Amino acid sequence: STMKLLVVFSVLLLNGHISYPPSLVTAVEDEGRIKLPCMMRGKRCERAGVVDVDDPPFEQMSDISAKTDISDIEKVLTSKNLSNGLSLGENANLKMHPFIEAVEQDCSAEIKRCGNGKISPFYSTIACLEKLHTKGKLGDKCEASVFSRNAANPNEHIFSHDEDWEFPATLQTQSGETVFNGTFYYGLLNAPLFYSKPDQTPLTPVMFGYIPCRTQPAPRGLLFQHNGGPSAGLTSYVLPAGFYENIYDNYDFVMIDQRGMGLSAVFNYYGAQDLASWDIDTIAYFSGLFGQGGLYVNGDFAGPCYDVLQEYVDINEPQDYTDEDAMVQYLLKKQEATVKCSKVFDRRDGETGTEYNVLQYFGTQALSYDIEWLRMAFGFPKVSILGFSYGSRVAADYLSRFPQNVLRAAVSGVMAPDPNALSYAKKAAANTAEIFGFLQSRCNEAGEECMSNPFPKNSTDYFSGDANEALTELFRRSAPGSTFYAEKCGEGNSPVPLRFITAQLSYRLTSMIYSQGDFLNNAWPRAMLEIPALIFAMLQNPCLLKELFVYDSSVVNAIQVFYLIPALDMTGDANAKQVARFIATHAKDTYFSPGLVMFSLYAYSAFGWPQVSTPIAFSNPDVDVAIGQALYDQRTGMNMAQDFARNFPKSRMAVAPVSGHCVSASHGPEASDVIMRFLLFSKEFSNGVMTDMPPKPMPFEEVAADFVNGTNDNGLGYYLKRWKDETEAQDIVSMIE
């Protein structure tokens, strides 16, 4: 049965190639070449900005679709376009949102019934009008103008869409089963940048993707899904196949590239007006390319801060997290670079002289308001929300901010409601460490069959100690001051940082577990065997491990909307010394080391960004929420799920005794099914129900032989063989990254 759905689109071709909106095409053709500024990093930049259209990465881009020639895709993006940052044009000026003007004009009598006769405050007034609409007490003009809308006929003051943005789509399972034939739509929300003051605001485009319900208006309203990140979400969504027909018979199914990411970033940065001449492959490509909202670069294309960040390219994160002085210097440089980038987004209203910064309005609060404005565009339906990982924070904020508009919600891999960045960083690291420690202790209990080296004794650099001794040795090689890799693999080799080692143990472990076909039967004891096997593999292949360490730690790569959002969503701003001491102190504790990646992500957000924190809302006593939780989720554990549940007292939880992040149709499928039926069919379940109880696990010796020797495509032996195959070296680098 399927778990992940592949979207297969019938591509619209335009004269055999993509033609671009004129506002985006500014590159100059010269004797068959495209003259571009130097946008590539590293050695590739030596081409001095003049590249053949057949050179990488452009020939790789042309492989996106065999049906479409997009070898000239580089015409779309140039650093010249982006050097001035966000292109708002006339929309940079503060003005009343056109929808509010329409409401004032068409609902003047009804507005008087809602208070003082003025539309401000807007959200209170529109809520009052919605109540009158529900009671059938609106005049015909107001009803037709504001509320008689749906996904097939959205409000033109809020939402832009035309038939050129409609793509025939077939949704198939991985096994090839067709679960839906229909049409996939793209539309552009004309969002108020100042979402809390839409009567005096610049406007900014936000891209939504949606599949309208077969019946309009949709019987059960709008179903919004966010798959986490934060990142662009138009080209990535996962639902159990069995629910698609019900969804499209009852809901408008909606996704988003949130502000500053994906297609919303392309529109933000270029001021493009439409996608009419783009085919679906190009749309999907740019949604992914700008997926994390890079402000320095996105792939090989310059971001809006490319020019001002050039001097910081060689400023790198300290190799040793425990070096407090080095960390302070890094944080100060990071702050300096971030502030310079932020100034690129400074704007001034041409009439009043009001100054503002666009990045200030890219947080999760903004996303909640964008969902609400889409709801208004679609005729004010009820909203159901499905959120995974970071998507649970999106759900929490919308449920708290607009509870009266919510039908139901379901979340998985939930993030805790802790508003403090440093506190959350510690909690995230501790959770990862606890899961790692649990698996290690279970392996200890299992004895020699789990603890001993599973590789043949004639293996190169065979290590004769047990798994605990192997882990100690692996950590020793990456300890501060260690010269092991330089001595073993040749002079000039930099060390392999401990955070890289532990990231492999925690995240590569997860991906390997996910890859098992019969997940439940392999989860235990497979998970216990994979950690020691991976430890021994890294220990016995040190130079290969060193070659695989491809980590660009330049400070410019940390300047992304992806990293901005935690800084906006959380409080706890601290100075550089406080953050450096916090990081160094916890990095010295090997208990925390498996979680240093998640730890540093949130710890860094406590310092450097100049924007004011806009913490999300995170509680409501009245909304119905289903939580699907993996018992051994290494990113967002049971403690976080229980914190979430306390903030939403009407929530209930289904727990699957599996590892990995979130539940899905392939991973904790019973828990996934429970929360989906709650969300879509209002089917109740007992709070705390345990689902997916595993059958009797495979014997250790069978799993060990299968996993270590690589008798199938999922074992560590298979990965090791790939690692050692030089012809696939680039694939492995991509896998590790």
Side-chain angles (χ1 to χ4, degrees), residues 319 436 439-440 443 449-515 526-553 590 593-594 596-597 703-737:
Q319 291 277 6
F436 183 84
L439 294 175
Q440 190 176 9
C443 188
E449 56 190 347
C450 184
M451 293 292 290
S452 60
N453 191 333
F455 294 98
K457 292 187 177 180
N458 61 356
S459 302
T460 303
D461 291 326
Y462 179 82
F463 187 80
S464 59
D466 66 18
N468 287 332
E469 293 169 325
L471 184 63
T472 299
E473 172 60 18
L474 190 63
F475 281 14
R476 184 194 67 79
R477 295 177 181 181
S478 293
S482 172
T483 59
F484 172 83
Y485 289 99
E487 295 173 359
K488 179 72 176 179
C489 307
E491 291 296 331
N493 281 277
S494 60
V496 179
L498 181 60
R499 66 180 180 279
F500 175 77
I501 297 293
T502 55
Q504 302 316 301
L505 294 177
S506 58
Y507 294 113
R508 296 289 79 73
L509 169 70
T510 302
S511 65
M512 290 180 183
I513 292 176
Y514 274 133
S515 69
R526 178 174 291 273
M528 287 182 281
L529 289 170
E530 288 184 341
I531 281 186
L534 193 56
I535 291 170
F536 283 111
M538 290 193 288
L539 194 67
Q540 293 178 187
N541 296 274
C543 297
L544 180 61
L545 181 67
K546 175 63 191 72
E547 292 174 10
L548 294 175
F549 174 57
V550 180
Y551 178 68
D552 189 348
S553 61
T590 56
S593 58
L596 287 181
V597 174
V703 178
D706 170 64
F707 177 65
V708 174
N709 297 326
T711 55
N712 60 30
D713 286 349
N714 297 322
L716 181 62
Y718 167 75
Y719 285 106
L720 285 175
K721 290 172 186 176
R722 289 191 65 196
W723 289 356
K724 293 177 180 178
D725 186 344
E726 293 182 358
T727 64
E728 295 186 356
Q730 187 57 47
D731 290 342
I732 297 305
V733 169
S734 298
M735 181 185 75
I736 292 298
E737 289 180 328

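Heavy atoms only: backbone and side chains are in, while hydrogens, waters and symmetry mates are out. This structure is a prediction, so every number in the text was calculated from the model and none was measured.
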Can you name the salt bridge (charged side-chain N to carboxylate O under 4.0 Å, His left out) partners of Glu469, sequence neighbours left out?
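Listed in chain order: nothing, the list is empty.
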Could you name each residue pair satisfying salt bridge (Lys or Arg N to Asp or Glu O under 4.0 Å) that touches [range], not counting sequence neighbours?
{"range": "residues 471-486", "result": "Glu473-Arg476, Glu473-Arg477"}
{"range": "residues 532-542", "result": "none"}
{"range": "residues 458-468", "result": "Asp461-Lys488"}

Looking only at heavy atoms, what is the nearest atom pair of Tyr485 and Ser478, with distance?
CE1-OG, 4.1 Å
Look up atom [atom1] in [X] and atom [atom2] in [Y], then write down how far apart they are to the nearest 0.5 Å.
{"X": "Ile535", "Y": "Leu471", "atom1": "CD1", "atom2": "CG", "result": "4.5 Å"}
{"X": "Ser452", "Y": "Phe536", "atom1": "OG", "atom2": "CZ", "result": "7.0 Å"}
{"X": "Tyr462", "Y": "Gln540", "atom1": "OH", "atom2": "CD", "result": "7.5 Å"}

For Thr483, enumerate each residue passing the side chain to side chain donor-acceptor pair (under 3.5 Å) test, keeping only those at least two apart in sequence or located in another chain.
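Expected list: Glu487.
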